[in-house]
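Worksheet for the structure shown next.
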Amino acid sequence: MRASRFLIATLKQNPSDAVAVSHQLMLRSGMVRQLASGLYTWLPMGLRVFRKVEAIVREEMNNAGSQEVLMPVVQPAELWQESGRWEQYGPELLRITDRHDNSFCLGPTHEEVITDLIRNELKSYKQLPANFYQIQTKFRDEVRPRFGIMRAREFTMKDAYSFHLQQSCLQDTYDAMHGAYCKIFDRIGLNYRPVLADTGSIGGSSSHEFHVLADSGEDDIAFSTDSDYAANVELAEALAPNAERPQPSQEMIEVATPGQHTIEEVSKGLGIKPSQVLKTLIVMGEADEDGKQGLVALVIRGDHELNELKAEKLDGVASPLTFAPDSLIKDTLGCSVGSIGPMGLDIPVLVDRSAAVAADFACGANKDGYHLTGVNWERDLALTSQADLRNVVVGDPSPCGQGQLEIKRGIEVGHIFQLGQKYSEALGATVLDENGKQQVMTMGCYGIGVSRVVAAAIEQNYDDNGIIWPDAIAPFQLALVPINMHKSDAVRAKCESLYAELTEAGFDVLFMDEEKARLGVMLADTELMGIPHRVVIGDRGLEAGTVEYKARRDADKQEIASDDLLNFLKQALK
RNA sequence: CAGAGUGUAGCGCAGUGGUAGCGUGCCUGGUUUGGAACCAGGAGGUCGAUGGUUCGAACCCAUCCACUCUGACCA
């Protein structure tokens, strides 16, 4: 491609409202432009990257036996009412009405549409397993779009859905998809990890997320130092401590702690470590037959964080997890939030495993302005139910039994689920089995955020000068940069012949052929745009029979005999 | 949705009551040319919108809109 015929829309200055690195660099390098909040136009440069990601995803999905389809973005309300999600989904589902006053939505995902298609098209067990995918625009009216392309409202996703009669068959496809995802992210050239994940609101049993590791990620991922174990922190189990609970050594006394409510204030006031203070959180209990909700107390160590996902899965705890309103706590327990403790509560008390081995601890006295110190389980109060309630922290033993946990940030770029029969059941997607009987199919679903992969690749690969694309998804593999082409016929002739030759050899070349463009500007632009390889042609080199080569990641340039260039590049770019 | 902030030239910003400016980018000409040059000339703005106060509003007041940040939310 000739730069003179291609929109190079680089910006010198950072648009002021971009915060995330990928957002800034995508705007500055002329990859995208914002149209409205969470809506972006892909410029030619950005679209080339996007298409390369898409092509790799498509190839590997095809290789893994999935068939491509393309479903509408606009979907009829009836289907969503049939699955129950018309009511379940909140305002994130953008609902629209057509001229006949019929309701539709913009698809945030396509389970309903594919299941509707499949119930009409698949009739026999002989057609199973079946796996279909599409690469399509999704729309989610996010409460707060942010980080540019990373969390846009309109985005592109590769979503696949598989259909089975046996769980074992689903498992096979799930494993095949897992393998295909690894191939995809390997080929793209990202540092990523498949991690155990929560199945979330979509339901189902088994689930893995694929995370690109980057400091700017929104998720915490826990890894074992000694094994392949990796899990989203929201899911990673905090094992029960091995250590026995120490014997009590202090008397329980009540201490006035006026104005001290947070763990930090209390531990500072009492002169003890936060880990010696237990915090008691009051959440809503599960509704009984009459629909009445009681309260439940959750007790964790002061230096630990509550894991809401774990908590809401416990018997007796309302899901979604809801913190009890202050007024209700005051009415029921007779004290306010900063002074609650497990001592003498007549509501269910669930104690985190780590908190259960604490001795001589401090906690609220259930009396405003007072705390207890030297409290001990069994001696001063009964230890009723124990549970895993907290987020794991660095140094915890790995749930796999080997090594300790470390925690890194990740960007979720893929997610695979075993869906089960949630949608096939609701929409009546059945086939006849060997005995001629109707059987509801079991489903799996598999997503990759195609547009997000582009942003995540930048979050993981950049420097002060701009983007550093992995070779496989770079908009161009190579920049051909002439020096003073408008004055030197030799430079022009060499560039033209090289451009023809390299293009002929199958390289994606960006020829910086703008008349009178200054070298510094061209170099800065090609670096900002992240083009991984660069060849500079000047009179000085040509007289010596050389051209200059530099990889985007390299610190130094090298002189290459111009006759060897093609072979050199074939090596370098392979 | 709650809290905070910002809207003035493509981008970054200044201007706080007297009719719009700087840097950069863009166009023309010239001089330059190995990392974002220099000189001269030029184009480009209903100052987010509406209403009000005033002789006069980018500026003061009110309402609305958009965008951003923090949080809750998130297959």
Side-chain angles (χ1 to χ4, degrees), chain A residues 7-20 23-24 27-28 30 33-39 83 85 88-93 107-112 114 138-148 150-153 155 157-161 197-204 207-210 218-219 232 234 308-309 320-323 412-417 419 422-423 443-449 452 465-466 481-488 491 512 515-528 534 536-542 547-548 550 557 559:
Chain A
L7 180 60
I8 293 177
T10 53
L11 300 173
K12 221 178 250 189
Q13 270 156 322
N14 234 345
S16 60
D17 49 12
V19 182
H23 190 195
Q24 293 179 349
L27 290 169
R28 279 225 289 145
R33 287 291 182 263
Q34 179 168 356
L35 176 65
S37 181
L39 305 178
S83 72
R85 288 209 290 184
Q88 280 170 25
Y89 244 91
E92 196 178 302
L93 184 66
T109 174
H110 281 74
E111 280 85 6
E112 279 81 0
I114 190 74
K138 307 286 184 204
F139 191 93
R140 293 183 190 170
D141 199 356
E142 294 276 353
V143 187
R144 186 147 92 80
R146 59 184 125 177
F147 307 142
M150 195 89 81
R151 182 173 290 280
R153 291 195 291 177
F155 58 100
M157 183 155 103
K158 185 286 298 172
D159 49 325
Y161 307 89
D198 182 55
T199 49
S201 56
I202 207 166
S207 175
H208 284 84
E209 288 167 352
F210 287 75
E218 292 186 87
D219 286 292
N232 196 307
E234 60 182 21
E308 303 195 6
L309 205 63
L321 191 81
T322 316
F323 284 94
E412 183 189 349
V413 291
H415 202 162
I416 57 179
F417 290 94
L419 264 186
K422 177 168 174 170
Y423 298 96
M443 295 172 59
C445 88
Y446 320 92
I448 289 180
R452 183 182 278 186
N465 295 325
V481 183
I483 300 172
N484 288 333
M485 188 171 68
H486 66 293
K487 280 196 171 172
S488 164
V491 168
M512 303 298 279
E515 294 292 329
K516 299 188 182 181
R518 295 182 64 84
L519 178 66
V521 174
M522 290 188 286
L523 297 184
D525 273 351
T526 56
E527 283 170 0
L528 177 59
R534 156 185 114 188
V536 178
I537 312 288
D539 275 324
R540 201 186 293 167
L542 288 183
V547 296
E548 176 194 301
K550 181 178 171 302
K557 36 204 176 199
E559 299 295 326

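A, B, ... follow the sequence lines: proteins, then strands. Residue 1 opens every chain.
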Glu142(A): partners by salt bridge (charged side-chain N to carboxylate O under 4.0 Å, His left out), with sequence neighbours left out: Arg151(A)
For Glu112(A), all residues meeting salt bridge (charged side-chain N to carboxylate O under 4.0 Å, His left out), sequence neighbours excluded: Arg85(A)
For C74(B), the Watson-Crick or wobble counterpart (both distances under 3.5 Å): none
Partner nucleotide, any strand, of C22(B) [Watson-Crick/G-U, under 3.5 Å]: G12(B)
Whole-angstrom distance between A57(B) and G48(B), as gauged at atom P: 15 Å
Distance, rounded to the nearest Å, where Phe139(A) contributes CZ and A75(B) contributes P: 17 Å
Interatomic distance where CD belongs to Glu515(A) and P belongs to U28(B) [whole Å]: 13 Å
Rounded distance in Å between the P positions of A9(B) and C1(B): 29 Å
Rounded P spacing from U6(B) to C60(B) in Å: 12 Å
Partner set under salt bridge (charged side-chain N to carboxylate O under 4.0 Å, His left out) for Asp159(A), not counting sequence neighbours: Lys138(A)
Non-neighbouring partners of Phe147(A) that pass side chain to side chain contact (heavy atoms under 4.5 Å, CB included), sequence neighbours left out: Ala20(A), Met150(A), Glu218(A)
Straight-line distance of Glu548(A) CD to Ile483(A) CD1, nearest 0.5 Å: 7.0 Å
G45(B): pairing nucleotide in any strand, Watson-Crick or G-U under 3.5 angstrom: none
Identified pairing partner of C60(B), criterion: Watson-Crick or G-U wobble below 3.5 Å: G52(B)
Per-nucleotide protein contact string for nucleotides 65-73 of chain B, where B marks a base within reach and S marks sugar-phosphate only (heavy atoms under 4.0 Å, - for neither): --SSBBBBB
C1' atoms of C55(B) and G17(B), separation to the nearest Å: 12 Å
C1' atoms of A72(B) and U53(B), separation to the nearest Å: 41 Å
Chi-angle category of U16(B) [syn within 90° of 0, anti beyond]: syn
Whole-Å distance separating the CZ atom of Phe210(A) from the P atom of A75(B): 18 Å
Which atom of Val536(A) lies closest to which atom of Leu519(A), heavy atoms considered: CG1-CD1, 4.3 Å
Footprint string (nucleotides 33-42 of chain B, 5' to 3'): B base within contact, S backbone only, - free, heavy atoms under 4.0 Å: BBBBB-----
Paired nucleotide for G17(B) [Watson-Crick or G-U wobble; both distances under 3.5 Å]: none
Worked verdict on Glu412(A) versus Arg452(A) for side-chain contact (heavy atoms from CB on, under 4.5 Å): CA-CA 9 Å; Glu412(A) 183 189 349; Arg452(A) 183 182 278 186; 4.0 Å; yes
A58(B) and U16(B), which share atom name C1', separated by this distance in whole Å: 9 Å
Under the side chain to side chain donor-acceptor pair (under 3.5 Å) test, residues paired with Asn14(A) that sit two or more places apart: Gln24(A)
Any residue meeting side chain to side chain donor-acceptor pair (under 3.5 Å) with Asn232(A), in chain and number order, not counting sequence neighbours: Glu209(A)
U33(B) pairs with, by Watson-Crick or G-U criteria that keep both distances under 3.5 Å: none
Value in whole Å for how far the P atom of A75(B) lies from OH of Tyr423(A): 10 Å
Complementary nucleotide of A40(B), counting Watson-Crick and G-U pairs under 3.5 Å: U28(B)
Base partner of A4(B), which must satisfy Watson-Crick or wobble distances under 3.5 Å: U68(B)
Sugar-phosphate only, base, or nothing, as touched by Asn14(A) at under 4.0 Å among non-hydrogen atoms: sugar-phosphate
G56(B) versus U19(B) - spacing of their C1' atoms, nearest Å: 9 Å
Please enumerate all protein N or O atoms sitting under 3.5 Å from an N or O of nucleotides 20-23 of chain B, with distances to 0.1 Å.
residue: G23(B); atom: N2; partner: Gln13(A); partner atom: OE1; Å: 2.9

Sugar-phosphate, base or nothing in reach of Met522(A), heavy atoms under 4.0 Å: nothing
Verdict with supporting geometry, Arg140(A) and Phe155(A), side-chain contact (heavy atoms from CB on, under 4.5 Å): CA-CA 8 Å; Arg140(A) 293 183 190 170; Phe155(A) 58 100; 3.8 Å; yes
Partners passing side chain to side chain donor-acceptor pair (under 3.5 Å) against Glu234(A) (at least two apart in sequence or in another chain): none
Pairing residues for Glu527(A) by the side chain to side chain donor-acceptor pair (under 3.5 Å) criterion, not counting sequence neighbours: Arg534(A)
Salt bridge (charged side-chain N to carboxylate O under 4.0 Å, His left out) partners for Arg153(A), two or more places apart: Asp141(A)
C1' atoms of G44(B) and G21(B), separation to the nearest Å: 14 Å
Between A75(B) (P) and Phe155(A) (CZ): distance, integer Å: 11 Å
